[in-house]
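The analysis underlying the following values was restricted to heavy atoms, covering all of them including side chains, and did not include hydrogens, waters or symmetry mates. This structure is a prediction, so every number in the text was calculated from the model and none was measured.
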Amino acid sequence: MKLNRFPDLTRRQFRIAAAGLAVAAAAVVWTIATQVFPYHSLNHDEGVYLQQAAMLLEGQLSIRPPVDGAFRPWFFVEDGDRLYPKYGPVPAAMFAVGKLVGGYRLALVAIAAGNVALVVGVARELFDRWTALLAGAVVLASPLFLIDSAVFLPYAPTTLWNLLFGYGYLRADRTGDRRWAAVAGVGVALAFFARPYTALLFALPFIGHALWTLAVDWRAALPRQAVVAGLGLAGVGVTLAYNAVVTGSALLFPYRAFAPRDGLGFGEREILGHEITYTPELAIEANRTVVELFATEWMTGGIVGVALAAVGVALAARHRWSPRVAAVAGLFVTVPVGNVYFWGNFNILGDLDSPGGLVVSFGPYYHFDLLVPTAVFAALGVVVGARLLYRGLNGRLERRQARVGVAAALLLVAGAAGAVTAADIDERVGENMDATETYEHAYAPFEGGPPEASLVLLPDPYGDWLAHPFQYLRNDPDFDGRAVYAIDDEPFEVVDAFPDREVYRYAYRGAWAPYAGSPTAARLQPVADVSGDRVRYTSTVGIPPGAVGVSARLSTDDGSRYYTGTNTPGNLSTELVVSGENVSLSGDVRALDDEPLGIEGKDTVRLSVFVDYGPGGGFSYRFALPVEADGEVRALSPRVERCRNPRSCGGSAAYVPSASPDGVYVRSTRLVAERNA
């Protein structure tokens with residue numbers, strides 16, 4: 001397109017500038033990944049891909065946990081005694097390569113750099129070097145690119161393969177070189193293996209172009225198109241073979257094995273108890289909202305950038321339209337229209353009327369590929385628009401004045417787009433930093449790494465899943481890492497499976513709501529494992545000034561017994577004894593009845609000490625002692641909580657010494673086993 005061209009760049013200058021953009025992308029993404037997401041993000045799929053990457057490094061497609069029900073990672077399919085992830089292995093394999101060369105995050109850096117470089121390459125295949133460089137800069141500056149490239153999610157990795165396909169395809173189309181056709185074929189094959197539907201939506205406009213080339217001159221086009229198609233179909237074959245190995249059926253994808261009514265289509269959609277009727281009307285409304293968010297908050301310049309892309313399409317149609325240009329422009333149709341058929345775009349919104357789901361933190365990530373045509377045509381709109389403006393002014397003003405006018409117009413556009421982009425990036429980074437600041441408190445006990453040769457029992461606020469929400473805490477595939485993490489539901493079986501490890505219990509204070517600044521504190525509590533004819537647990541709790549009374553309740557599956565406190569100036573000491581058949585409580589308490597409290601088999605002995613401040617006031621200390629009474633009595637150190645009200649107990653009110661007010665404490669705790677003389 002020659003419309004009063006700017007001074008052209010040499011090939012060397014262009015390559016240096018493109019490399020500079022790629023390096024800039026790598027540096028910015030590295031900074032965001034390490035500073036904004038050091039403990040990973042609110043999207044727990046990151047833990048799935050990293051767990052899968054670790055498995056691939058060990059040559060494993062599935063894992064076999066030592067105890068059923070205690071080691072299932074988030075989004076893993078349970079199949080007999082093995083577990084496998086619901087996602088395809090390509091993104092995880094890319095992350096694994098990063099680990100091989102020094103760290104998982106190095107993969108994020110390389111993927112980001114590659115995406116920017118390939119956007120430049122695709123734009124250069126269609127237009128001039130200035131437009132290509134500006135297209136790379138537009139992608140680099142977009143909040144969607146920056147945030148989603150800095151986390152271990154599959155969208156940026158899949159786009160890398162899609163872009164490799166697009167660039168290779170356009171090069172092969174221009175040169176007739178079948179080597180570039182092979183590059184395109186490899187790209188589309190790996191994109192399909194990574195995310196089949198995403199790859200299909202990206203490939204559709206190029207498939208249309210391929211059919212056009214065959215119709216025009218099939219003898220010239222067939223050799224290169226056959227290479228692309230052959231390798232692409234090989235990717236389909238590899239994907240189906242992977243399905244057969246993992247799920248047992250070539251046509252059963254792992255994500256469908258996990259949730260048969262998940263995935264594409266209208267009608268009843270469901271995953272893990274979340275179910276809706278996904279109608280075309282709902283789909284159109286949800287996707288309209290998602291695309292609007294892309295255009296206004298997640299694209300460089302917001303609506304200014306999108307408007308420039310529209311101008312670019314119009315200018316291309318007027319001055320240099322071609323089937324090649326149409327193939328890239330076709331992504332404006334296939335990506336948003338194709339996504340209407342996928343109910344995930346409804347799920348990321350959280351609330352259709354007031355979006356508050358994952359789209360707030362990560363943007364419309366199912367539309368990540370939409371960055372490509374938007375950036376290319378926005379860049380074209382700026383460059384060609386500037387040239388047209390210069391041509392118009394040059395006929396009316398002196399050349400120097402025309403240049404000043406064009407420069408002023410460019411600065412105005414850049415200022416408006418830059419202000420919008422800076423505000424959007426600041427808001428997105430700030431929202432994710434809120435969660436990260438909470439994670440700093442939650443994961444403080446693991447700073448410097450977990451204890452050596454440890455077994456860490458974890459709570460399960462979201463159900464029986466590992467890495468949901470604690471994706472920062474993951475097991476090695478063979479459960480032989482520095483720490484082993486297990487759900488604290490079957491503690492005796494888990495402890496028995498790892499007899500040579502020191503046992504700890506992870507607990508936190510506050511509900512798991514990182515955006516709301518909760519939890520506020522956490523601890524790793526050492527856990528003793530004792531057994532004998534009876535087990536004795538002693539403790540002393542603080543009674544702050546102003547308390548008007550103390551009461552206690554002791555309970556097992558057999559029932560409850562109630563006590564009142566006696567003579568408790570500043571503290572209350574109790575001694576809990578579990579024998580072969582009964583549980584008793586003594587110390588600074590008096591029983592209100594003499595009925596024995598029975599125990600049999602596996603049980604949890606619960607002791608609640610309520611500190612009363614009068615009407616409507618008070619708090620409780622709660623102890624939950626896991627026991628196993630079957631001839632001999634066995635017990636593990638109890639879970640300890642400090643509850644402001646009964647609803648806060650049960651996992652989100654852990655007693656953390658450093659976070660307790662003056663006069664509130666649990667001391668002199670001791671768990672011992674005794675045998676008859």
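Side-chain rings of Tyr472 and Phe446 stay apart, their centers remaining 6.0 Å or farther from each other. Side-chain rings of His367 and Phe294 stay apart, their centers remaining 6.0 Å or farther from each other. Between Tyr366 and Tyr155, the gap from one ring centroid to the other is short of 6.0 Å.
The CG atom of Leu282 sits 6.5 Å away from the CG atom of Leu352 when rounded to the nearest 0.5 Å. Summarising the geometry, atom CE belonging to Met433 is positioned 13.0 Å from atom CD belonging to Glu431; distances are rounded to the nearest 0.5 Å. Note that the CD atom of Glu628 and the CG atom of Asp603 stand 11.0 Å from one another [nearest 0.5 Å]. The CG atom of Asp148 sits 12.0 Å away from the CD1 atom of Ile111 when rounded to the nearest 0.5 Å. Atom CD1 of Ile487 is separated from atom CG of Asp460 by 6.0 Å, given to the nearest 0.5 angstrom. Between the CG atom in Leu83 and the CZ atom in Phe76 there is a gap of 7.5 Å [rounded to 0.5 Å].
Each of Asp488, Leu458, Leu457 was evaluated against Tyr506; a single residue qualifies, Leu458, per the side-chain contact (heavy atoms from CB on, under 4.5 Å) test.
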Side-chain polar contacts of residues 263-271 - donor-acceptor pairs under 3.5 angstrom, sequence neighbours left out - could you list them?
{"residue": "Glu268", "atom": "OE2", "partner": "Thr277", "partner atom": "OG1", "Å": "2.6"}
{"residue": "Arg269", "atom": "NH1", "partner": "Arg261", "partner atom": "O", "Å": "3.3"}
{"residue": "Arg269", "atom": "NH1", "partner": "Asp262", "partner atom": "O", "Å": "3.4"}
{"residue": "Arg269", "atom": "NH1", "partner": "Leu264", "partner atom": "O", "Å": "2.9"}
{"residue": "Glu270", "atom": "OE2", "partner": "Leu272", "partner atom": "N", "Å": "3.3"}
{"residue": "Glu270", "atom": "OE2", "partner": "Gly273", "partner atom": "N", "Å": "2.9"}

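Shown here for Pro459 and Phe470, the closest heavy-atom pair between the two residues is O-CE1, 3.3 Å. Nearest approach of Ser149 to Phe145, heavy atoms of both residues: OG-O, 2.6 Å. Ala156 and Asn115 get closest at one heavy-atom pair: O-ND2, 3.1 Å. Phe192 and Gly235 get closest at one heavy-atom pair: CD2-O, 4.2 Å. Across all non-hydrogen atoms, the minimal contact from Val359 to Pro364 is CG2-N, 3.8 Å. Looking at every heavy atom in both residues, Met94 comes nearest to Ala107 through O-CB, 3.3 Å.
Partners of Tyr439 under the ring pair (Phe, Tyr, Trp, His ring centres under 6.0 Å) rule, at least two apart in sequence or in another chain, are Tyr443. Taking Arg288 as the reference, Glu285, Glu292 meet the side-chain contact (heavy atoms from CB on, under 4.5 Å) condition, with sequence neighbours excluded. Remark: Phe202 pairs with Phe206 by the ring pair (Phe, Tyr, Trp, His ring centres under 6.0 Å) rule, at least two apart or across chains. The ring pair (Phe, Tyr, Trp, His ring centres under 6.0 Å) test applied to Tyr485 returns no partner, not counting sequence neighbours. Partners of Asp79 by salt bridge (charged side-chain N to carboxylate O under 4.0 Å, His left out), not counting sequence neighbours, listed by chain and number: Arg82. With sequence neighbours left out, Leu56 forms a side-chain contact (heavy atoms from CB on, under 4.5 Å) with Leu61, Pro89, Ala92, Ala93. The side-chain contact (heavy atoms from CB on, under 4.5 Å) search around Thr247 returns Tyr84, Asn243, Ser249, Leu252, Pro254, Ala257, not counting sequence neighbours. Applying the ring pair (Phe, Tyr, Trp, His ring centres under 6.0 Å) criterion to Phe95, with sequence neighbours excluded, gives Phe152.
No donor-acceptor pair closer than 3.5 Å links the side chain of Ser41 to the backbone N or O of Phe37. Judged by distance alone, with hydrogens and angles left aside, the side-chain atoms of Thr374 form no donor-acceptor pair with the main-chain N or O of Leu371 at under 3.5 Å. No donor-acceptor pair closer than 3.5 Å links the side chain of Arg428 to the backbone N or O of Asn432. The backbone N or O of Gly338 sits less than 3.5 Å from a side-chain atom of Tyr197, completing a donor-acceptor pair. In this structure a side-chain-to-backbone donor-acceptor pair under 3.5 Å is missing from Thr604 to Ala624. Side chain of Thr300 to backbone of Val138: a donor-acceptor contact under 3.5 angstrom is found. Judged purely by atom type and a 3.5 angstrom limit, Thr556 uses its side chain to pair as donor or acceptor with the backbone of Asp558. Without hydrogens or angle criteria, Gln60 side chain to Ser62 main chain gives a donor-acceptor distance under 3.5 Å. Side-chain atoms of Asp478 do not come within 3.5 Å of backbone N or O of Asp480 as any donor-acceptor pair. The backbone N or O of Arg474 lies less than 3.5 Å from no partner atom in the side chain of Gln51, so there is not a single donor-acceptor pair.
Here the side chains of Leu50 and His40 are in contact, with some heavy-atom distance below 4.5 Å. His44 has its side chain within reach of Pro469: a pair of non-hydrogen atoms, C-beta onward, lies under 4.5 Å apart. Proximity of Pro85 to Phe75: side-chain heavy atoms (C-beta onward) are nowhere separated by under 4.5 Å.
Identified under the side chain to side chain donor-acceptor pair (under 3.5 Å) test for residues 509-523, with sequence neighbours left out: Ser361-Tyr515. The ring pair (Phe, Tyr, Trp, His ring centres under 6.0 Å) contacts involving residues 235-256 comprise Phe193-Tyr242, where partners must be two or more places apart or lie in separate chains. The stretch residues 49-64 participates, sequence neighbours left out, in these salt bridge (Lys or Arg N to Asp or Glu O under 4.0 Å) pairs: Arg64-Asp81.
The environment of Arg256 atom CZ is dense: over 12 non-hydrogen atoms of other residues, nucleotides or ligands sit within 6.0 angstrom.
Looking at Asn345 and Asn339, their side chains do bring a donor and an acceptor atom within 3.5 Å of each other. A donor-acceptor contact closer than 3.5 angstrom links the side chains of Asp369 and Thr159.
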- prompt: After noting the C-alpha distance and the side-chain angles of Arg505 and Val456, does the key distance pass the side-chain contact (heavy atoms from CB on, under 4.5 Å) rule?
  reply: CA-CA 5 Å; Arg505 182 179 288 116; Val456 182; over 6 Å; no
